[in-house]
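Written below as structure tokens is the structure these notes are about.
Just so it is clear: chains get the letters A, B, ... in the order the sequence lines come, proteins before strands, and each one is counted from 1.
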Protein chains: 2
Amino acid sequence: MTKRPVTIKDIAKIAKVHDSTVSRALSNDPNISDKTKKRILGIAKELKYQRNDLAKSLRDRKTRIIGLVISDILNPFYTEVTRAIEDQAQAKGYNLMLCNSDYNPRKERNYLSLLMGKQVDGILIFPVLGKDNNLKLLRESNIPYVLMDTCPQDFHANYVYTDQKTGAYDAVTYLIERGHKDIVLYTGPKGLTSSSIQMELGYCQALTENNIKIKKKLIYSTVLSEKDHLEGTTRALLEKQKDLKFTAILCISDIFAKSVYECAQQMGIRIPDELSVIGYDDTYICPNLNPPLTSVSQLKYSIGQEAVDVLLKEIKAGQNWQYQTIKFTPKIVERGSVIQLKK
Amino acid sequence: MTKRPVTIKDIAKIAKVHDSTVSRALSNDPNISDKTKKRILGIAKELKYQRNDLAKSLRDRKTRIIGLVISDILNPFYTEVTRAIEDQAQAKGYNLMLCNSDYNPRKERNYLSLLMGKQVDGILIFPVLGKDNNLKLLRESNIPYVLMDTCPQDFHANYVYTDQKTGAYDAVTYLIERGHKDIVLYTGPKGLTSSSIQMELGYCQALTENNIKIKKKLIYSTVLSEKDHLEGTTRALLEKQKDLKFTAILCISDIFAKSVYECAQQMGIRIPDELSVIGYDDTYICPNLNPPLTSVSQLKYSIGQEAVDVLLKEIKAGQNWQYQTIKFTPKIVERGSVIQLKK
DNA sequence: CTGAAAGCGCTTACAG
DNA sequence: CTGAAAGCGCTTACAG
């Protein structure tokens, strides 16, 4: 083992031709006779030649690798989008380098500079926002990128996102229509993701339109999405039900809703009778929860595909590219976790 | 955009030193005066220099990338192991290139040669077995690798695995102790994974030891784990309950068990009253299913960590490496999906 | 402590 | 159709 790998030179020596001829044979260059090509290909096969993409990429200034920065690989939402991205990238001849930011700007920054160092051709990212965000870093890199699940702001870039403001608005309206007034919005780290920001806007708008006073205490956010921590935060939230008298919770993800289910069960709070719950993302866990979880659905597969398409278009276009924005609208999938309150 | 990135040469020109001096400054080489080093670092920062790892890796013959080939990113088992692997790799200064084989030897082969082309330093793989397997390809590559979740055979390699034979044996014994005799083993593609092979062995052994006749028809396997397909296969299985009169199912993964839950619900089969179910992997979906799913638990995080450790040890050791095998033993986690049959 | 050179493995524009 | 050369951006053994 750890033998020196066979290179083009090795083949050239055996075939008694120049390296460049071997290269041409290997890369389907038309400027080569069928005869020598076949001979070289035969030798290459025999020696189990495997091209060194590092060298090729260095020379070509492209790697055919796309960097993907997601926030949490344990969240099925990201997993499903990742799957779509992988399929689409693969179909177009690109491969993925997957990174987990854990909603942590520092980790995100490290990964970004890793990806840049590796000379990826483009980056797909679910960015962490907030004051330490890395958007400028991205821009300065001169690598094409697409911001995912991020509502366009003044920052000029490609966006592929779902309108989470409308999602939250619809969900809260749905709850209000069923008699709920004291509704908790249970989101992730305050201001760190576009989703949490947008959902809060939608939440407030729905309440306001229905003349329901917005209570700060009902807008509840975790610090991180760490599993252990989530449990503690959820428990603390549910313990406040007696004081705050809320009857429903809209969660920023199905993962959060699942945590609510778990704590509620431990604490003897019955869903939906004593507490209605709406999840977000409509991941595969919803139907089998008890009761089945009503959730706001996003087109996870389409998001992934479109993001790849936009990115590859920019990569191909090069200099004169006009940023694109693709927006999806989410939709409530009704199941059994919301109850109609008696008047 | 698409400006030429700044290189060592650019810095050298400005600093009026040779490229090699810049390189030394940038890479903490002791052979450089503090003064010039500081000056160079300053310029590098100002120009936002970002090292081209392609060039460095080409020269160093190492990339600090580990290739990881899993079977299905939508299965939380792989996701949780991937997370552990990522953490551990990161801690040791390595990064991941993630690939999905989809239990498909051809896809696996493509990914393997991709990884080899990218000159990864090592490979962690949940291999697809069967006659088209790529084990020889791996061996010939001369890249260190670890076979994961694979019971050691005559093939000489590093292994990090869980003893699924014992897992299945224990689960079936558990069912037998509760009065079940007609037990289905619901596994993935026949012979394509070590788990399915080992589980079948454990299943048969448990039955035999209890003088229960093995019925071929009760050993049921899917062709692929595609979601749509899984649904159809599960439905077909459950439709046979009247004929085959089975009272329990041991599934190869929680995903499969979840599919059983879904179909059972649609078909009006009550779990566990009419059908007991045991899942496998003890993923996070178990506790919240209705009823909570009893599952065979594996140390997913440890598996991932150990695999990275073994791989990195081989990478460091180089030539004179002795293959290692690390074996874990699974354990049943009791919940509410198995009923005690009346005598 | 710094410079000049060679080389990692590949590709391609230029000759012939 | 083939060869010889230059270069992608970096690092390091060798001089001085």
Set of residues satisfying ring pair (Phe, Tyr, Trp, His ring centres under 6.0 Å) with respect to Tyr78(B), sequence neighbours excluded: Phe126(B)
Rounded distance in Å - NZ (Lys13(A)) to C1' (dG3(D)): 17 Å
Protein-nucleotide distance (Ile11(A), atom CD1; dG9(C), atom C1'), rounded to Å: 12 Å
Along DNA chain C (nearest heavy atom to each residue), the more 5'-positioned of Arg61(B) and Asn31(B): Asn31(B)
Under-4.0 Å side-chain N/O to phosphate OP1/OP2 contact, Ser33(A) with dT2(D): yes
Heavy-atom protein contacts under 4.0 Å, nucleotides 11-16 of chain D, coded B base, S sugar-phosphate only, - none: BBB---
Glu80(A): partners by side chain to side chain contact (heavy atoms under 4.5 Å, CB included), with sequence neighbours left out: Pro76(A), Thr283(A), Tyr284(A), Lys300(A), Leu74(B)
Contiguous Watson-Crick or G-U pair runs (3 or more, under 3.5 Å) in DNA chain C: C:1-3 with D:14-16, C:5-12 with D:5-12, C:14-16 with D:1-3
Contact under 4.0 Å: Arg4(B) side-chain N or O vs dC8(D) OP1/OP2: no
Under the salt bridge (Lys or Arg N to Asp or Glu O under 4.0 Å) test, residues paired with Asp309(B) that sit two or more places apart: Lys92(B)
Sugar-phosphate only, base, or nothing, as touched by Asn52(A) at under 4.0 Å among non-hydrogen atoms: sugar-phosphate
Test side chain to side chain contact (heavy atoms under 4.5 Å, CB included) applied to Asp10(B) - qualifying residues, sequence neighbours left out: Arg4(B), Val6(B), Thr7(B)
Euclidean distance, atom CD1 of residue Ile40(B) to atom C1' of dC10(D) [Å, nearest integer]: 15 Å
Length of the CG-C1' vector between Leu54(A) and dC8(C), whole Å: 9 Å
Pairs where residues 35-54 of chain B contributes a residue and the test salt bridge (Lys or Arg N to Asp or Glu O under 4.0 Å) is met, not counting sequence neighbours: Glu140(A)-Lys48(B), Arg51(B)-Asp53(B)
Lys9(A) side chain near dC8(C) phosphate (N/O to OP1/OP2, under 4.0 Å): yes
Ion pair check, Asp19(A) and Lys9(A), cut-off under 4.0 Å: no
Value in whole Å for how far the P atom of dG9(D) lies from CG of Leu58(B): 12 Å
Pairs flagged by ring pair (Phe, Tyr, Trp, His ring centres under 6.0 Å) wherever residues 15-47 of chain B is involved - sequence neighbours left out: none
Set of residues satisfying side chain to side chain contact (heavy atoms under 4.5 Å, CB included) with respect to Gln305(B), sequence neighbours excluded: Gln88(B), Tyr301(B)
Spacing of Asp10(B) atom CG relative to dG9(D) atom P, expressed in whole Å: 9 Å
Sugar-phosphate only, base, or nothing, as touched by Thr36(B) at under 4.0 Å among non-hydrogen atoms: sugar-phosphate
Integer-rounded Å distance: dC1(C) P and Lys38(B) NZ: 13 Å
Trace of the side chain to side chain donor-acceptor pair (under 3.5 Å) decision for Ser33(B) with Thr36(B): CA-CA 6 Å; Ser33(B) 75; Thr36(B) 48; 2.8 Å; yes
OP1 or OP2 of dC8(C) under 4.0 Å from side-chain N/O of Thr7(A): no
